[in-house]
Amino acid sequence: MPNVLIVEDVMETSRWLAVIAGEAFPGCAIVHADSVRAALAEIRRAGPDVALIDLGLPDGSGIDVLRELRTTRPQALCVITTVMGDDANIVAALSVGANGYLLKEQPAERISRQLSQLAEGIPALSPSIAQRLMEHFRHTGPAANEDGELTAREKEVLAFISRGLRNADVAMQLGMAETTVATHLKSIYRKLGISSRAEASWHAARMGLKPG
(Lines give C-alpha, C1' and ligand atoms only; values in the text may rest on other atoms or scores of the structure.)
Protein backbone atom coordinates (compact mmCIF):
# COMPACT_ATOMS: atom_id res chain seq x y z
CA MET A 1 0.00 0.00 0.00
CA PRO A 2 1.76 3.17 -1.17
CA ASN A 3 2.11 6.24 1.01
CA VAL A 4 1.13 9.38 -0.88
CA LEU A 5 2.20 12.86 0.19
CA ILE A 6 0.15 15.76 -1.18
CA VAL A 7 1.94 19.10 -0.91
CA GLU A 8 -0.69 21.77 -1.51
CA ASP A 9 -1.59 24.90 0.45
CA VAL A 10 -5.18 25.26 -0.83
CA MET A 11 -7.28 22.84 1.21
CA GLU A 12 -10.00 22.40 -1.41
CA THR A 13 -7.41 21.54 -4.05
CA SER A 14 -5.62 19.21 -1.64
CA ARG A 15 -8.83 17.28 -1.06
CA TRP A 16 -9.46 17.14 -4.82
CA LEU A 17 -5.99 15.69 -5.37
CA ALA A 18 -6.58 13.18 -2.57
CA VAL A 19 -9.60 11.80 -4.42
CA ILE A 20 -7.55 11.56 -7.60
CA ALA A 21 -4.68 9.84 -5.80
CA GLY A 22 -7.10 7.36 -4.24
CA GLU A 23 -8.32 6.40 -7.70
CA ALA A 24 -4.82 6.16 -9.19
CA PHE A 25 -3.36 4.22 -6.23
CA PRO A 26 -6.15 2.12 -4.68
CA GLY A 27 -5.70 1.54 -0.96
CA CYS A 28 -3.04 4.22 -0.59
CA ALA A 29 -2.45 6.12 2.64
CA ILE A 30 -2.60 9.88 2.08
CA VAL A 31 -0.85 12.59 4.07
CA HIS A 32 -1.27 16.33 3.47
CA ALA A 33 1.30 19.13 3.86
CA ASP A 34 0.49 22.79 3.22
CA SER A 35 4.02 24.21 3.19
CA VAL A 36 7.64 23.35 2.39
CA ARG A 37 8.38 23.01 6.09
CA ALA A 38 5.47 20.66 6.71
CA ALA A 39 6.37 18.60 3.65
CA LEU A 40 10.00 18.19 4.74
CA ALA A 41 8.81 17.07 8.18
CA GLU A 42 6.53 14.43 6.60
CA ILE A 43 9.33 13.20 4.36
CA ARG A 44 11.58 12.66 7.36
CA ARG A 45 8.78 11.10 9.38
CA ALA A 46 7.18 8.70 6.93
CA GLY A 47 9.08 8.68 3.64
CA PRO A 48 6.39 8.76 0.92
CA ASP A 49 6.31 6.42 -2.07
CA VAL A 50 4.49 9.02 -4.18
CA ALA A 51 4.45 12.80 -3.86
CA LEU A 52 2.18 15.30 -5.61
CA ILE A 53 3.88 18.66 -5.22
CA ASP A 54 2.60 22.17 -5.84
CA LEU A 55 5.24 24.74 -6.77
CA GLY A 56 3.88 27.93 -5.21
CA LEU A 57 3.88 27.36 -1.45
CA PRO A 58 3.62 29.97 1.35
CA ASP A 59 7.18 29.47 2.57
CA GLY A 60 9.02 28.61 -0.62
CA SER A 61 9.02 26.50 -3.75
CA GLY A 62 7.93 22.93 -4.24
CA ILE A 63 11.25 22.43 -6.01
CA ASP A 64 12.85 22.37 -2.56
CA VAL A 65 10.54 19.51 -1.57
CA LEU A 66 11.35 17.67 -4.79
CA ARG A 67 15.07 18.12 -4.21
CA GLU A 68 14.80 16.72 -0.68
CA LEU A 69 12.90 13.68 -1.94
CA ARG A 70 15.47 13.03 -4.63
CA THR A 71 18.18 13.11 -1.97
CA THR A 72 16.49 11.03 0.73
CA ARG A 73 13.92 8.96 -1.22
CA PRO A 74 15.34 8.53 -4.74
CA GLN A 75 12.91 5.71 -5.49
CA ALA A 76 9.83 7.85 -4.75
CA LEU A 77 7.61 8.89 -7.65
CA CYS A 78 7.43 12.68 -7.64
CA VAL A 79 4.95 14.64 -9.75
CA ILE A 80 4.53 18.40 -9.91
CA THR A 81 0.86 19.40 -9.76
CA THR A 82 0.57 23.11 -10.46
CA VAL A 83 -1.04 25.91 -12.46
CA MET A 84 2.41 27.16 -13.55
CA GLY A 85 3.10 26.03 -17.09
CA ASP A 86 6.02 28.28 -18.00
CA ASP A 87 9.26 26.91 -19.39
CA ALA A 88 11.39 28.01 -16.42
CA ASN A 89 9.38 25.98 -13.90
CA ILE A 90 9.06 22.98 -16.21
CA VAL A 91 12.80 22.84 -16.82
CA ALA A 92 13.58 23.40 -13.14
CA ALA A 93 11.29 20.56 -12.01
CA LEU A 94 12.28 18.02 -14.63
CA SER A 95 15.98 18.74 -14.30
CA VAL A 96 15.81 18.07 -10.55
CA GLY A 97 14.20 14.72 -11.29
CA ALA A 98 10.40 15.03 -11.34
CA ASN A 99 8.64 11.97 -12.76
CA GLY A 100 5.92 14.16 -14.15
CA TYR A 101 4.48 17.64 -14.53
CA LEU A 102 0.70 17.97 -14.46
CA LEU A 103 -1.34 21.13 -14.82
CA LYS A 104 -4.28 21.24 -12.43
CA GLU A 105 -6.54 22.65 -15.13
CA GLN A 106 -6.89 19.13 -16.53
CA PRO A 107 -9.93 16.92 -15.80
CA ALA A 108 -9.55 14.73 -12.72
CA GLU A 109 -10.01 11.56 -14.78
CA ARG A 110 -7.05 12.41 -17.01
CA ILE A 111 -4.78 13.21 -14.07
CA SER A 112 -5.74 9.94 -12.36
CA ARG A 113 -4.99 7.97 -15.51
CA GLN A 114 -1.61 9.66 -15.94
CA LEU A 115 -0.67 9.00 -12.32
CA SER A 116 -1.62 5.33 -12.57
CA GLN A 117 0.80 4.94 -15.49
CA LEU A 118 3.76 5.98 -13.35
CA ALA A 119 4.18 2.41 -12.12
CA GLU A 120 4.81 1.41 -15.74
CA GLY A 121 7.62 3.94 -16.03
CA ILE A 122 5.60 6.39 -18.12
CA PRO A 123 6.19 10.05 -17.13
CA ALA A 124 3.03 11.89 -16.12
CA LEU A 125 2.94 14.90 -18.43
CA SER A 126 0.08 17.21 -19.33
CA PRO A 127 -0.50 17.27 -23.12
CA SER A 128 0.76 20.84 -23.43
CA ILE A 129 3.95 19.97 -21.54
CA ALA A 130 4.51 16.86 -23.64
CA GLN A 131 3.99 18.93 -26.79
CA ARG A 132 6.75 21.33 -25.77
CA LEU A 133 9.12 18.42 -25.25
CA MET A 134 8.14 16.96 -28.62
CA GLU A 135 8.87 20.28 -30.29
CA HIS A 136 12.30 20.27 -28.71
CA PHE A 137 12.99 16.72 -29.87
CA ARG A 138 11.99 17.65 -33.41
CA HIS A 139 14.66 20.32 -33.35
CA THR A 140 17.33 17.98 -31.95
CA GLY A 141 16.17 14.89 -33.84
CA PRO A 142 18.60 15.04 -36.81
CA ALA A 143 21.56 14.62 -34.45
CA ALA A 144 20.09 11.62 -32.67
CA ASN A 145 21.72 8.19 -32.93
CA GLU A 146 24.58 9.48 -35.06
CA ASP A 147 26.86 6.82 -33.59
CA GLY A 148 24.38 3.94 -33.49
CA GLU A 149 21.99 2.45 -30.95
CA LEU A 150 22.44 2.52 -27.20
CA THR A 151 24.36 -0.39 -25.74
CA ALA A 152 22.69 -2.70 -23.23
CA ARG A 153 24.61 -1.02 -20.40
CA GLU A 154 23.61 2.45 -21.58
CA LYS A 155 19.98 1.37 -21.61
CA GLU A 156 20.32 0.17 -18.00
CA VAL A 157 21.79 3.52 -16.99
CA LEU A 158 19.08 5.41 -18.88
CA ALA A 159 16.36 3.37 -17.16
CA PHE A 160 17.62 4.33 -13.70
CA ILE A 161 18.28 7.96 -14.64
CA SER A 162 14.71 8.25 -15.91
CA ARG A 163 13.44 7.41 -12.41
CA GLY A 164 15.25 10.43 -10.99
CA LEU A 165 18.25 8.66 -9.47
CA ARG A 166 21.53 10.52 -9.11
CA ASN A 167 24.72 9.22 -10.70
CA ALA A 168 25.91 7.93 -7.33
CA ASP A 169 22.65 6.00 -6.82
CA VAL A 170 22.86 4.49 -10.31
CA ALA A 171 26.45 3.46 -9.66
CA MET A 172 25.39 1.67 -6.48
CA GLN A 173 22.50 -0.09 -8.22
CA LEU A 174 24.66 -1.31 -11.11
CA GLY A 175 27.85 -1.97 -9.18
CA MET A 176 30.04 0.43 -11.11
CA ALA A 177 32.04 3.58 -10.43
CA GLU A 178 30.23 6.91 -10.45
CA THR A 179 32.65 8.14 -13.12
CA THR A 180 31.63 5.20 -15.31
CA VAL A 181 27.97 6.19 -14.97
CA ALA A 182 28.90 9.74 -16.00
CA THR A 183 30.71 8.40 -19.06
CA HIS A 184 27.70 6.29 -20.06
CA LEU A 185 25.40 9.27 -19.54
CA LYS A 186 27.54 11.47 -21.76
CA SER A 187 27.39 8.83 -24.49
CA ILE A 188 23.61 8.52 -24.09
CA TYR A 189 23.13 12.27 -24.43
CA ARG A 190 25.31 12.35 -27.55
CA LYS A 191 23.57 9.41 -29.23
CA LEU A 192 20.06 10.69 -28.49
CA GLY A 193 20.87 14.31 -29.28
CA ILE A 194 19.67 15.54 -25.89
CA SER A 195 21.03 17.66 -23.06
CA SER A 196 18.89 17.08 -19.96
CA ARG A 197 17.54 14.35 -17.69
CA ALA A 198 14.00 15.44 -18.53
CA GLU A 199 14.61 14.54 -22.17
CA ALA A 200 16.32 11.33 -21.08
CA SER A 201 13.20 10.36 -19.10
CA TRP A 202 11.01 10.91 -22.14
CA HIS A 203 13.24 8.71 -24.31
CA ALA A 204 13.35 5.99 -21.65
CA ALA A 205 9.54 5.92 -21.57
CA ARG A 206 9.38 5.88 -25.37
CA MET A 207 11.79 2.92 -25.46
CA GLY A 208 9.90 1.10 -22.69
CA LEU A 209 12.94 0.98 -20.40
CA LYS A 210 12.55 0.01 -16.75
CA PRO A 211 15.18 -0.58 -14.07
CA GLY A 212 16.00 -4.28 -13.79
Side-chain angles (χ1 to χ4, degrees), residues 5 36 39-40 43-44 47-51 53 55 60-80 87-101 118-125 129-130 132-212:
L5 172 62
V36 172
L40 296 182
I43 291 170
R44 298 183 186 110
D49 303 301
V50 180
I53 308 168
L55 289 178
S61 171
I63 295 296
D64 295 326
V65 178
L66 174 59
R67 189 174 289 111
E68 176 67 16
L69 278 164
R70 282 289 157 253
T71 300
T72 61
R73 295 280 294 178
Q75 74 275 23
L77 298 174
C78 304
V79 178
I80 300 300
D87 289 348
N89 278 304
I90 295 169
V91 171
L94 296 182
S95 64
V96 172
N99 299 100
Y101 198 106
L118 284 171
E120 301 173 19
I122 302 175
L125 298 171
I129 307 302
R132 289 186 188 182
L133 291 174
M134 289 293 291
E135 288 293 336
H136 178 76
F137 295 143
R138 272 196 279 269
H139 289 130
T140 59
N145 295 310
E146 61 181 9
D147 292 324
E149 299 295 326
L150 299 184
T151 66
R153 202 51 150 172
E154 287 169 348
K155 289 180 179 179
E156 287 182 314
V157 170
L158 178 57
F160 279 107
I161 290 296
S162 71
R163 300 304 295 267
L165 271 66
R166 300 169 300 172
N167 287 7
D169 299 318
V170 177
M172 183 178 298
Q173 291 287 337
L174 296 178
M176 62 176 65
E178 188 174 347
T179 54
T180 303
V181 173
T183 299
H184 282 310
L185 195 56
K186 182 178 180 179
S187 177
I188 291 167
Y189 279 21
R190 175 169 47 80
K191 289 181 179 181
L192 296 180
I194 61 177
S195 60
S196 73
R197 291 183 178 233
E199 295 167 304
S201 295
W202 188 91
H203 277 287
R206 177 179 62 80
M207 296 165 68
L209 300 180
K210 299 179 183 178

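The basis for the numbers below is simple: all heavy atoms, side chains too, and nothing from hydrogens, waters or symmetry mates. Residues: numbered from 1 along the sequence shown.
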Problem set entry | Shortest non-hydrogen contact from I161 toward L185 | CG1-CD1, 4.0 Å

Problem set entry | Smallest separation among heavy atoms of I80 and A93, with atom names | CG1-CB, 3.7 Å

For this session: Output every pair passing salt bridge (charged side-chain N to carboxylate O under 4.0 Å, His left out) with a member in residues 177-189, not counting sequence neighbours, ordered by first then second residue.
Result: none

Seminar exercise, completed: Test side-chain contact (heavy atoms from CB on, under 4.5 Å), reference L150, set H203, K155, E156, H184, output is K155

For this session: Kindly compute the distance separating CD (E154) from CG (L209), expressed to the nearest 0.5 Å.
Result: 11.5 Å

Exercise. Do any N or O atoms from the side chain of S187 and from the backbone of T183 form a donor-acceptor pair under 3.5 angstrom?
Worked result: no

Problem set entry | Check against side chain to side chain contact (heavy atoms under 4.5 Å, CB included), I43 and V65 | CA-CA 9 Å; I43 291 170; V65 178; 3.9 Å; yes

For this session: Tell me, yes or no, whether the heavy-atom count around M172 atom CE, taken from other residues, nucleotides or ligands under 6.0 Å, exceeds 12.
Result: no

Problem set entry | Closest approach of Y101 to I90 (non-hydrogen atoms, all atoms of both residues) | CE1-CA, 3.6 Å

Could you list the donor-acceptor pairs under 3.5 angstrom formed between side-chain atoms of residues 69-79 and any protein atom two or more places apart in sequence or on another chain?
residue, atom, partner, partner atom, Å
R70, NE, G97, O, 2.8
R70, NH1, P74, O, 3.1
R70, NH1, A76, O, 3.2
R70, NH2, A76, O, 3.1
R70, NH2, G97, O, 3.1
R70, NH2, N99, OD1, 2.6
T71, OG1, R67, O, 3.0
T72, OG1, E68, O, 2.9
R73, NE, P48, O, 3.3
R73, NH2, G47, O, 3.1
R73, NH2, P48, O, 3.2
R73, NH2, D49, OD1, 3.1

For this session: To the nearest 0.5 angstrom, please state how far the CG atom of L158 sits from the CZ atom of R153.
Result: 13.5 Å

For this session: Taking all heavy atoms of Q173 and all of L165, pick out the closest pair and write down the distance.
Result: CG-CD2, 4.0 Å

Seminar exercise, completed: Nearest heavy-atom contact between V36 and D64 is CG1-CB, 4.3 Å

